[in-house]
Amino acid sequence: MAASEPWSPSSWKSKSIAQDVEYPDPQHLSKVLSKIETLPPLVTPSEIERLKYQLGLVQRNEAFLLHAGDCAESFDACTHENISAKIGLILSFSLILIWGARLPVVRIGRIAGQYAKPRSSPKEKIGDREVLSFRGDNVNGLDPNDRTPDPERLLRAYFHSATTLNHVRGLLTSGFASLHHPRDWSLNHVRSPSLRKEFEHIVEGLSDALEFSRTIGADAGGASFERGGGRGTVGEVDFYTSHEGLMLEYEQALTRAVPVGSVGQRKTEGGSEEKAFYNTSAHFIWIGDRTRQLTGAHVEYFRGIRNPIGIKVGPSMANDELVRLLDIVNPLKEAGRVTLITRYGAGKIDAYLAGHIAAVQASGHGVVWICDPMHGNTQTSSSGLKTRHFGTIISELTASSEFTGELNDEGFSVTECVGGSMELGEEDLPMRYQSFCDPRLNFEQSLDVAFLISNYMKKERRGAAPAAGTDVLYKELSRQSSQDDH
Ligand code: PEP
Ligand code: CO
């Protein structure tokens with residue numbers, strides 16, 4: 001596939017598609033998609049460009065990227081409580097990071113559209129029955145009797161995304177994100193006294209700093225990070241949405257054209273008639289590890305949209321394949337366009353990450369590197385393995401930060417599954433989807449991770465990053481955790 005071949009929002013249809021969903025009634029699907037095409041965009045091109053600009057800063061190590069949220073959202077979980085707890089956790093997490101790193105944090109939630117799941121097998125056995133695998137709420141039902149793909153679910157996904165996003169926007173513009181009230185975000189979920197104490201320590205330090213800034217009349221800080229002005233980092237924050245761009249029919253239906261130049265995009269060749277295409281279902285979408293074939297439909301769709309995109313990079317990615325993929329999706333080497341989300345698994349990171357980084361550097365592509373410590377470490381576990389699972393997550397995270405710190409000067413950031421999915425293996429998804437929802441425990445584990453990274457960056461900032469990284473940090477964390485009452 002040459003980057004110069006003509007692209008359109010539907011050109012992916014001529015390519016082979018992985019993880020395809022077959023609808024029994026294609027006419028029904030067309031009708032639903034026509035409806036979605038007429039519905040308003042969920043996010044705007046200028047918000048998308050703003051995120052791309054900010055990811056350009058992350059690429060230059062001037063900001064940190066936090067990508068967090070559920071493995072999968074469900075329609076039933078679209079409630080005030082769930083949404084505000086998730087946003088509160090992400091805000092708390094980012095506050096802890098800002099405290100340690102003294103860098104702005106770009107927040108992207110896996111939220112308001114993270115419904116579709118890739119599966120390793122199209123069918124699964126439940127008892128002695130073989131049924132189609134559960135593919136996420138926008139495709140079929142978790143109930144084994146409701147596994148036939150239903151196009152109406154795409155429409156329901158649109159409306160659940162819109163409702164979620166509306167509530168997120170509402171929370172963020174009505175003081176919920178204000179640094180003057182961080183206690184509103186989360187502490188009800190934190191049972192551990194030592195975590196509470198650490199968080200409160202940060203909040204107190206912050207309140208002092210804010211008061212001091214107000215006294216000397218200098219609390220409009222952060223303006224240089226906020227392109228376009230208007231927002232302060234104190235009262236309101238930027239927050240962006242994302243999901244895996246798996247269901248290409250849906251993504252196509254929400255792809256909208258605007259004239260080039262209207263939202264400050266870089267002009268390419270061509271005249272004033274030229275259109276820029278934005279995926280308006282989310283600010284950021286990513287290509288999963290199972291759908292990143294160079295000549296496949298997903299890569300074809302992704303290469304034509306202007307959004308910043310993510311690409312999952314696992315052990316099966318060859319170095320030259322990674323570079324060819326970057327050439328296809330980012331021929332102009334635009335800053336902020338590509339985020340590589342590494343997910344090797346704690347045992348494999350040493351074998352792959354250095355080679356990937358070296359290949360990308362040699363190609364001249366600039367990317368944002370982030371570590372997803374969840375998807376390479378899925379273990380089906382009896383309850384006794386929980387701690388070890390957490391250990392592998394920490395170990396992949398800390399190993400990534402060492403590698404990226406040693407080998408180049410590009411940003412190290414983190415992506416994380418929080419909420420009900422932290423202990424969820426993909427293969428277990430249908431069986432354990434409900435019973436594994438223990439947001440309290442996961443909430444605390446997430447804050448543990450935030451403190452770990454934050455402390456690491458604080459030490460690094462002071463020129464004292466621990467040399468024997470993984471082990472030392474892991475021990476430090478285990479020590480902290482064992483002192484807690486969780
Ligand atoms: C995910 O991020 O939810 C996911 C399925 O990841 P991966 O494509 O890396 O397996
Ligand atoms: Co997942």
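Atoms within each ligand, like the ligands themselves, are counted from 1 in listed order. Computed from a prediction, not measured in an experiment: that's the story for all the values here.
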Could you verify whether a donor N or O on one side chain and an acceptor N or O on the other, from [X] and [Y], lie under 3.5 Å apart?
X    : Y    : result
H243 : E251 : yes
H356 : T342 : no
S94  : R107 : yes

Answer side chain, backbone, both or neither: which part of A72 comes under 4.0 Å from ligand 1, heavy atoms only.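 Neither part.
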Evaluate whether atom CD of E22 has more than 12 neighbouring non-hydrogen atoms of other residues, nucleotides or ligands under 6.0 angstrom away.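 For E22, atom CD is not crowded (no more than 12 foreign heavy atoms under 6.0 Å).
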Proximal atoms of ligand 1 relative to [X] (non-hydrogen, under 4.0 Å):
X    : answer
R343 : 7 (P), 9 (O), 10 (O)
G288 : 8 (O)
K312 : 1 (C), 2 (O), 4 (C), 6 (O), 7 (P), 8 (O), 9 (O)

Proximal candidate to atom 3 (O) of ligand 1 [heavy atom criterion; set R290, K117, H67, E244]: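 When every heavy atom of R290, K117, H67, E244 is considered, K117 comes closest to atom 3 (O) of ligand 1.
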Could you list the residues that satisfy side-chain hydrogen bond (donor to acceptor under 3.5 Å, both in side chains) with W12, not counting sequence neighbours?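 Checked W12 against side-chain hydrogen bond (donor to acceptor under 3.5 Å, both in side chains); matches are Q252.
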Does any N/O atom on R110 come nearer than 3.5 Å to any N/O atom on ligand 1?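 Between R110 and ligand 1 (N or O atoms, distance only) the closest approach is under 3.5 Å.
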